[in-house]
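Following: one structure in structure tokens, then a few remarks.
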Amino acid sequence: MTENMESYPLSLEGDGIPMVRFQNVTKRYGSLVVLNQLDIDVSAGEMVTIIGPSGSGKTTVLRMLMTLETIDDGVIYVEGEPLTHMERNGRLVPASSAHLRRMRSKIGMCFQHFNLFPHMTALGNCMEGPVQVLGLSRKEAEERSLELLDMVGMIEKRDQHPSRLSGGQQQRVAIARALAMRPKVMLFDEVTSALDPEVISEVTSVIKHLVDTHNLTMLMVTHQMGFAKEISDRVCFFFDGAIEEQGAPTKLFENPERERTQQFLNAVLHAN
Amino acid sequence: MTYIEFLDVYGGRLIDGTIVTIYQFFLATFVAVVAALTFGLMRLARSPVLRAVAVAYIEFFRGTSLLVQLFWIFFVLPLFGITLDKFTAGFLAVGLNMGAYGAELVRGAVLAVPKGQWEAALALNMAPHNRMRRIILPQAFIIMLPPWGNLIIEILKGTALVALIAVADLMFEVRQINITTFLSAEAFGTAIVIYYVIARFFVTPGMRGLERLMNRRIGKV
Ligand SMILES: Nc1ncnc2c1ncn2[C@@H]1O[C@H](COP(=O)(O)OP(=O)(O)O)[C@@H](O)[C@H]1O
Ligand SMILES: [Mg+2]
């Protein structure tokens, strides 16, 4: 923490506070500035997609929100409360682990490489958090998990270990596992990038179903431009650790204003 | 004296010695596993004090000879008021010595669990002790089983040294028989065969079986 924390509110008040706010968030690795004074608001129930060239800081945004990375400057608010800070004597100080655990429970994440627990079955993966973290009984956790496995179309594979599942199947289990914690915000980091082309749609259709049926707030990093256009409320184009341009998907994809956005979209469309 | 006659006369003592060796082996393995887990995890702890204690243990027991450690525990500790019978001193010395190597195996295996597993557990908001117990250690266990197979053979071989503080193990009996009969080839030859048979036909298949069992439990064949 290199700057004066007094310029940040202790919490956000009033109507219409965003589900997630990044205020002036900076992330550095040594001398490399990965995120540069980033401001972004995400409303409750909104689906925001992040696109941009490799290395532009997209993953870092999600990892900071999941508390997998520390934050060098600025404050992230979730439901108006600071995520990795807390108030003490009228000032923001680094959060205690109790505060972090409470805040983290609002957020769930799916990873590019699924990261399922290999020593547990599909069902075991989904039950782990509800039993160990939420303290549900095994019966309740199983009911909840089976419902979610059914939703992602993985109910028949519930007793299989991840090594017996295809990438698309593993990713669907990973989505069910994250949802079993009942997060308010879901983060998807290139969840289809490690998949064979023919199974990508099994995963995207699950996400689409979530958007249609749940009131989740979602932040998604993807290279699937068609998918992003179809399901996003807003698309953010990242360049060099900052938002170069953002807007409604039709606007951003069909009528990008910035030259870098145009170049990026041209490059991606030609690659496909 | 034919070899058959040798076995007829001394077979009983060889069997008694073998039984003591097997006891020493099991107890030393138990001590080694407990020490390896304790100090291997302390070596990874956030607290510098815990880490320093673990490093001191590992350095001491790996950096000095097992025989000296055995003598130390049996002959020197009594001077500090800690007197152990020779049987206990024997397996304790072997177990603590091998536990230092085991601690490095534990540490290496924990670090070898992919980072994504830690992150997935954190994303589920699991508490640190649950992350370790439920997610990391079961995977580390599978990673470290093969090197533990070798270490456990070393433990078996290491127990032969307890004869030098007069624990009546296989090596002790064989030395006694040799001193009184000068049948060196028969005595030491039989001992070599017995150690080999235990290692080759019991310990190694046992560890392989455990590896297969654990791999089956994670769905790999
Ligand atoms: N742990 C790390 N140490 C050093 N540099 C990192 C680390 N993680 C990410 N970076 C760097 O931060 C930049 C942004 O990374 P990332 O957020 O993963 O980009 P994206 O997801 O947009 O491809 C990249 O230049 C990357 O090399
Ligand atoms: Mg990325």
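Numbers restart at 1 for each chain; the letters A, B, ... are given by sequence-line order, proteins then strands.
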Side-chain ion pair, A:R144 and A:E147, N-O less than 4.0 Å: no
May I ask you to say whether A:D189 pairs ionically with A:K58, meaning some side-chain N is under 4.0 Å from a carboxylate O? no
Take B:E154 and B:K157 through the test salt bridge (charged side-chain N to carboxylate O under 4.0 Å, His left out) and record every step on the way to the result. CA-CA 5 Å; B:E154 290 301 319; B:K157 294 194 250 173; 3.5 Å; yes
Please state whether the rings of B:W72 and B:F80 are parallel, tilted or perpendicular, taking 30° and 60° as the class boundaries. parallel
Report the option among B:K115, B:M126, B:R134 that has the most heavy-atom pairs separated by less than 4.5 Å from atoms of chain A. B:R134
Of all heavy-atom pairs linking B:V106 and B:A36, the shortest is CG2-O, 3.7 Å
Select one option (side chain, backbone, both, neither) describing which atoms of A:I107 are under 4.5 Å from chain B's heavy atoms. backbone
Would you give the length of the straight line joining atom CG of B:L161 to atom CG of B:L70, rounded to the nearest 0.5 angstrom? 6.5 Å
With a 4.5 angstrom heavy-atom cut-off, could you sort out which part of B:R133 is near chain A: side chain, backbone, both or neither? side chain
Check the orientation of B:F61 and B:Y57. Use parallel for under 30°, tilted for 30 to 60°, and perpendicular for over 60°. tilted
Test item: A:R21 side-chain N/O and A:D41 main-chain N/O as donor-acceptor pair under 3.5 Å: no
Apply side-chain contact (heavy atoms from CB on, under 4.5 Å) to the pair A:H214 and A:M186, showing each step before the final yes or no. CA-CA 11 Å; A:H214 288 62; A:M186 272 291 284; over 6 Å; no
Do any of residues 119-128 of chain A come closer than 4.5 Å to chain B, heavy atom to heavy atom, and if so which ones, in number order? A:H119, A:M120, A:E128
Engaged part of A:F111 at the chain B interface, taking heavy atoms whose separation is under 4.5 Å: side chain
Is A:R63 in contact with chain B via its backbone, its side chain, both, or neither, using a 4.5 Å heavy-atom distance? side chain
Which region of A:L116, side chain (C-beta onward) or backbone (N, CA, C, O), has a non-hydrogen atom less than 4.5 Å from a non-hydrogen atom of chain B, or is it both or neither? backbone
Taking every heavy-atom pair that is under 4.5 Å apart, which of A:P118, A:G129, A:P162 has the most such pairs with chain B? A:P118
Taking everything shown except B:F26 itself, do over 12 heavy atoms lie less than 6.0 Å from its CZ? no
Examine whether an atom of B:Q139 lies under 4.5 Å from a heavy atom of chain A, and if so say whether it belongs to the side chain, the backbone or both; otherwise answer neither. side chain
